[in-house]
Each structure stands twice: as C-alpha cells, then as structure tokens.
Amino acid sequence: MLFMDFSRCCEKLEATPGRLDMIDIISKELPGLTDDELPVFVRFIMGRIFADWSSRKLGIGPNLLYEATAAVAGISRDKVIDTINRTGDVGQAVEDLLSVKSQTTFFHEELDLVHVYNSLIAIAEMEGKKSQREKLLAVRRLLGNAHPLEGRYLARIMLEELRIGVGEGSVREAVAKAFSVDPALVEHAMQALNDMGEVARLAKAGPEHLRNVRITLFHPVRMMLAQQGTIADMIKEHGEIAAEFKYDGSRFQFHKKGNWARMYSRRLEDVTGALPDVIQQLMSATDHDVIIDGEVIAVKDGKPMPFQSVLRRFRRRHDIAGAQEAIEMVPNVFDILYLDGETLIDLPFSERRRRLESVVKQYLAPQTVSADPAVITKTYDDALAAGHEGIMIKVRSSPYTPGQRGKNWIKIKPEVDTLDLAVIGAEWGEGKRAHLFGSFLVACQDAGGKLVPLSRVATGFSDEQLAEVYELLKDSVVKQAGKEVTFEPSLVFEVGYAELQASQNYEAGFALRFPRFIRIRDDKDIPDIETLDSLRERYKRQATSAQAYRG
C-alpha cells in the first residue's frame with residue numbers, strides 16, 4: 001500500500017462523522033493488505049507507531065518536527081509556527097507548507113506504508129550524542145518525499161495524534177467485520193496481546209488463531225481499572241465481596257521467567273532499572289514464572305509516604321543506589337495474570353487470589369472477604385488508620401479485564417472527588433508568573449477517544465509545581481493566540497472538585513465547581529483519563545445522593 005492511499009483513507013475518515021460509516025470504511029481496506037501492511041495500517045489508523053505493550057518512543061517532539069518542516073519548505077521555523085497558530089493543527093500546517101513547496105520541487109520517490117513504518121522504527125533506534133541531528137535528517141527525508149496530503153498525516157503520526165476520530169472500539173469492530181470473526185474474540189485477543197495490529201493479522205488468519213491467543217511474558221498488558229462506588233451498593237448487588245487497602249502509590253506489572261524479570265509502570269514503561277530493590281524483593285517472593293499486578297509504595301518509619309515520593313523513584317535514571325537508601329519501596333501484590341505458562345485472566349478473582357497465595361509468599365496485599373457491611377467498613381477504617389487512601393472492593397466472580405474500567409473493581413475514598421483529565425490548553429500567568437502557564441484547560445474523553453473540554457483549573461499550584469508543569473509542556477505547544485496556548489495532549493492532571501454541574505460552557509456538557517489541581521499523574525497516559533460516560537454516571541450518583549440528603 002502506498003502511503004498516499006493510506007492518507008486518502010485518513011482524509012475520508014476525517015470527513016466522516018458517523019461511527020458505523022467509519023467502521024465500514026476501515027473494514028473495506030483491511031482484506032486487501034498484505035501480512036506486513038496489515039499491522040502497520042491498523043496501528044497507524046489509531047495514531048500509533050508501536051504496539052501498545054511496547055515502551056519504545058519515537059523521540060520526535062514538536063520542535064524537531066517544526067525544524068524539519070522549515071528546512072523542507074525552505075522557510076524559517078517562526079513561519080512554521082505562525083502557520084500552526086493560524087491552522088491550529090500541525091498536520092494541516094505541514095500540508096499547507098508542502099503545498100507551496102511542491103510547486104517548485106519534484107518528489108524523489110513514492111512513499112510506501114511499510115517503508116514509512118521502517119523509517120520511523122529506524123528513527124526510534126537512533127541514540128547517542130548525534131541522535132537528534134540524525135533524527136532531524138531522517139524526518140527531513142520523509143517530509144521531502146511526501147506529497148502535501150501525506151505530510152498532513154505523516155506529521156500527525158510522528159506526534160502520535162492522528163485526529164481522525166478513530167478509537168480502539170471502532171477498529172475492533174472493523175477487524176471483526178473485515179474478516180468475519182466475533183468481535184468478542186477480537187476484544188479478548190486484544191486484552192491478551194495488547195497490540196491491535198497483531199490481532200488484525202491473527203483475525204485474517206482465522207478465528208481459531210484468535211482463540212489460541214495467550215498472554216506473553218515481557219509483553220505487558222493494560223491494567224484493570226476501578227471506578228467509584230459504595231460499600232452498600234456492592235454488597236447489595238454481589239453479597240460476599242473482597243476488600244483490600246487502596247494504596248497511594250504506583251501500579252506495577254511484574255514479569256518473571258526463571259532468573260529474569262522486568263517491571264512495567266501503569267503506562268507500560270519499563271521501570272526495571274529504576275527499581276532494582278523492588279525487583280529483588282519480588283524475585284525472592286516466588287520461584288514460579290509469573291505476571292503479577294500490584295502497587296508499590298514508599299515507606300518511612302513504617303508509614304506510607306505521599307505518591308510523589310514513589311514517582312521520584314519511578315522517574316530516576318541516575319544514582320539508583322542513593323535513592324534506595326533515601327526512599328524505602330515496598331511492593332503490595334494483589335492479582336496474578338499468568339502462572340507457569342497458563343493465562344489466568346478469564347478465571348474468577350477468587351480463584352486468581354487462591355493461585356496467587358499459593359505461589360507468592362511475601363508482599364501479598366491483605367484481603368477481607370465478607371458480606372457484612374460492618375466488617376468491610378472496619379477494613380476501610382483500618383486502611384485510613386494505617387495511612388492509606390481507602391479501600392478497593394472487588395467482585396470475587398469477576399475476570400481480569402485489561403484496560404477496562406468497570407463495576408467489578410470499586411474504589412472507596414474519603415477525599416474530595418477527583419478526576420484524571422488531559423491538559424489540552426493553558427493561559428500565560430500574570431505578574432511574577434508571567435513566564436509560566438497560569439491556568440489550564442482540561443478534558444475528558446468521549447467513547448471514541450476524542451478529547452472533550454471540561455473545565456479550567458487555576459488553583460492548587462505552588463510556584464514549584466507551575467515551574468515543573470511548564471518544563472513538561474513547553475515543547476508541546478502547537479498553537480498560540482494572545483495569552484491562550486494549545487497543547488498536543490501529553491500530560492494528565494488529577495483534579496479535585498466540589499460538585500459536577502450541568503453546563504453549556506464546555507463541550508462535555510458539564511463543569512467542575514471549585515476545580516483544584518491535586519497532582520500530576522505522569523503514571524497515566526491520555527487513554528487512561530476519565531470518560532464522558534463515567535462523568536454522566538457520577539452526575540446521576542451525585543443527584544441521587546442530594547435527593548437522599550434532602551429526605
């Protein structure tokens with residue numbers, strides 16, 4: 001497949017508002033692709049380059065892309081930025097600039113889909129002192145061979161933000177339709193493989209290949225997620241439930257085979273090198289080949305330390321030994337996904353817990369099983385007294401559903417309600433903060449993964465935190481108009497609020513009353529943020545609680 005054909009497909013999808021029509025367009029493209037093209041097409045159409053389980057990064061930020069575009073178009077970098085500010089879209093700006101250049105330039109070669117993919121892989125593998133220069137030259141070569149329309153989608157893919165409205169659910173349905181297989185088989189295979197490109201290749205080979213999918217060691221799967229709820233509702237619906245402490249730490253997924261082990265963060269980044277002490281603790285806790293799910297906390301004088309203390313260790317790349325002495329890390333293991341070659345995610349949680357207890361001898365998260373609200377409430381009180389956030393309630397009959405946020409895991413916390421939201425824009429500050437971003441526009445996501453503005457957040461930041469946020473976001477600016485800036489989404493805030501209100505001021509249809517910055521959630525990716533559907537559920541629960549209070 002030529003990259004131009006891929007680009008025309010993207011253009012068609014971008015102009016198509018209906019989800020079913022999008023699924024139909026994608027499903028018609030898939031059967032004609034070769035086995036090499038199919039995984040690339042599927043990942044690209046979702047705005048991704050690498051498999052979801054991979055922690056590899058392309059290493060191309062907006063500034064490098066701007067510089068490469070300027071060189072190819074024969075203009076200044078400032079002119080590129082001006083064009084981006086005018087269009088509000090890096091891809092459209094690159095297309096416009098290449099359109100002017102194409103009038104006087106012949107293309108050297110037609111871009112092929114797999115060739116583009118291989119070029120991006122080569123860019124990702126460039127390391128060392130000269131790597132940025134090498135990356136710049138490689139991007140210039142790609143853009144120099146790109147027709148204007150190809151430039152639009154090539155630029156967006158490099159930033160992994162395709163902006164055509166195609167979510168994982170639509171691709172899953174398209175794959176099922178294209179190869180006449182059950183969508184549930186496609187979904188289950190995706191949960192185990194965490195790579196929709198490979199799942200599409202297996203679907204093409206036949207449904208039996210999807211049925212035979214197993215979790216693979218050192219290919220991390222997404223972590224199961226929780227939503228808010230109440231003890232009373234969970235016992236009423238399920239009877240006997242399991243309650244565990246909710247830790248203020250960082251999720252991890254630990255993979256072990258023999259004497260070899262790796263650890264992955266919630267974002268599926270390989271953090272093995274930053275946590276050798278935790279690796280050793282878990283290696284000594286089991287003799288089996290396992291994939292286990294848990295949360296690591298920082299401890300001082302027997303008490304848990306704040307979340308940011310854990311993040312400092314997860315981020316650390318140098319002086320690991322010194323960091324181990326400064327911050328003691330303790331893992332808490334609460335689930336098992338794989339044991340000695342067997343995939344366990346379809347087993348009920350009660351059976352997974354039994355298997356876990358049989359093979360992991362230390363660091364097991366304590367668990368209380370009961371249908372008595374008083375017993376579960378005591379566990380909650382014990383968790384708070386020990387310095388933890390609250391409790392997790394889990395349905396004992398439930399499977400492990402990677403990446404899904406459902407009612408099988410419920411979190412109970414006493415704090416102000418919080419949401420994890422993407423930072424999509426900001427305003428420059430004033431006075432002594434004029435050189436920093438002062439307030440931020442945050443967004444949730446709809447069912448298709450589109451980011452939907454929800455609120456502005458301007459309180460809760462210290463000067464140090466604003467400086468840190470500025471450093472994290474300054475290279476992600478894609479548009480500026482007066483004091484307003486727009487970002488390529490890359491950062492997640494945890495935002496506290498007093499009340500969720502219906503409002504037409506934001507596209508989400510809601511607004512946050514008294515929004516307040518709580519912390520950066522750099523253990524979470526953009527796909528992990530709050531969904532519009534979950535906001536609607538929160539709003540309903542809030543209204544029900546208010547009615548009950550008024551009596």
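Source: prediction; values computed, not measured.
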Flag, side chain of Glu37 to backbone of Thr34, donor-acceptor distance under 3.5 Å:
yes
Check against salt bridge (charged side-chain N to carboxylate O under 4.0 Å, His left out), Arg140 and Glu134:
CA-CA 10 Å; Arg140 284 174 59 175; Glu134 292 171 348; over 6 Å; no
With respect to Glu507, which candidate in Val452, Leu451, Leu454, Asp446 satisfies the side-chain contact (heavy atoms from CB on, under 4.5 Å) definition?
Val452
List, one per line, each side-chain donor-acceptor pair under 3.5 Å for residues 169-177, sequence neighbours excluded.
from, atom 1, to, atom 2, distance (Å)
Ser170, OG, Arg19, NE, 3.2
Lys177, NZ, Asp24, OD1, 3.0

Between Asp82 and Lys79, does the salt bridge (charged side-chain N to carboxylate O under 4.0 Å, His left out) criterion hold? Intermediate values first, please.
CA-CA 5 Å; Asp82 287 344; Lys79 178 65 175 175; over 6 Å; no
Taking it one step at a time, do Cys444 and Leu421 satisfy side-chain contact (heavy atoms from CB on, under 4.5 Å)?
CA-CA 5 Å; Cys444 60; Leu421 302 168; 4.1 Å; yes
Under the salt bridge (charged side-chain N to carboxylate O under 4.0 Å, His left out) rule, what do Glu494 and Arg521 come out as? Steps first, then yes or no, please.
CA-CA 6 Å; Glu494 182 177 357; Arg521 292 306 303 253; 3.6 Å; yes
Once the angle between the rings of Trp428 and Tyr470 is folded into 0 to 90°, is it parallel (under 30°), tilted (30 to 60°) or perpendicular (over 60°)?
tilted
Apply the test ring pair (Phe, Tyr, Trp, His ring centres under 6.0 Å) to residues Phe514 and Tyr497: give CA-CA distance (whole Å), side-chain angles for both, the deciding distance (0.1 Å), then the verdict.
CA-CA 5 Å; Phe514 304 135; Tyr497 65 99; over 10 Å; no
Between Phe440 and Phe461, how do the two ring planes meet: parallel, tilted or perpendicular, split at 30° and 60°?
tilted
To the nearest 0.5 Å, what is the distance between NE2 on His147 and CG on Leu154?
12.5 Å
For the side chain of Ser54 and the backbone of Ala51, is there at least one donor-acceptor N/O pair under 3.5 Å apart?
no
Side chain of Thr459, backbone of Pro515: donor and acceptor closer than 3.5 Å?
yes
Centroid-centroid under 6.0 Å between Phe6 and Phe3 rings
yes
I'd like to know if the side chain of Asp528 reaches the main chain of Asp525, judged simply by a donor and an acceptor atom lying under 3.5 Å from each other, with no hydrogens or angles considered.
yes
Just by modelled atom types, is the Gly18 backbone N or O under 3.5 Å from a matching donor or acceptor in the Thr16 side chain?
no
Heavy atoms of Ala155 and Val90 approach each other most closely as CB-CG1, 4.3 Å
Run the salt bridge (charged side-chain N to carboxylate O under 4.0 Å, His left out) check on Arg433 and Asp463 step by step: do they pass?
CA-CA 8 Å; Arg433 293 180 170 181; Asp463 288 345; 2.7 Å; yes
Will you find, in the side chains of Ser534 and Glu530, an N or O donor that is under 3.5 Å from an N or O acceptor?
yes
Under the 3.5 angstrom rule, does the side chain of Arg156 hit a backbone N or O of Leu162 as a donor-acceptor pair?
yes
Full working for side-chain contact (heavy atoms from CB on, under 4.5 Å) between Glu269 and Tyr264
CA-CA 5 Å; Glu269 295 170 322; Tyr264 304 93; over 6 Å; no
Could you report the tightest heavy-atom contact between Ala511 and Tyr506, atom names first, then the distance?
CB-CD1, 4.1 Å
What I'd like to find out is whether the side chain of Thr69 reaches to under 4.5 Å of the side chain of Val72, using heavy atoms alone.
no
Gln445 side chain vs Lys450 backbone, donor-acceptor pair below 3.5 Å:
no
Is it true that a side-chain atom of Lys204 and a backbone atom of Leu30 form a donor plus acceptor pair closer than 3.5 Å?
no
Can a donor-acceptor pair be found, under 3.5 Å and without considering hydrogens, that links the side chain of Gln465 to the backbone of Ser462?
yes
Pairwise side-chain contact, Gln132 with Leu64, heavy-atom cut-off 4.5 Å (strictly under)
yes
Let's go through Asp89 and Thr87 carefully: what are the C-alpha distance in whole Å and the side-chain angles of both, what is the deciding distance for side-chain hydrogen bond (donor to acceptor under 3.5 Å, both in side chains) to 0.1 Å, and is it a yes or a no?
CA-CA 5 Å; Asp89 173 13; Thr87 62; over 6 Å; no
NZ of Lys12: more than 12 outside heavy atoms within 6.0 angstrom?
no
Could you tell me which non-hydrogen atom of Cys9 sits nearest to which non-hydrogen atom of Glu29, and how far apart they are?
SG-CG, 3.8 Å
May I have the step-by-step check of side-chain contact (heavy atoms from CB on, under 4.5 Å) for Leu268 and Asn194, ending in yes or no?
CA-CA 11 Å; Leu268 307 187; Asn194 205 14; 3.1 Å; yes
I'd like to know if the side chain of Lys135 reaches the main chain of Ile123, judged simply by a donor and an acceptor atom lying under 3.5 Å from each other, with no hydrogens or angles considered.
yes
Yes or no on side-chain contact (heavy atoms from CB on, under 4.5 Å) for Tyr247 and Glu389, after CA distance, side-chain angles and deciding distance?
CA-CA 6 Å; Tyr247 301 99; Glu389 282 192 314; over 6 Å; no
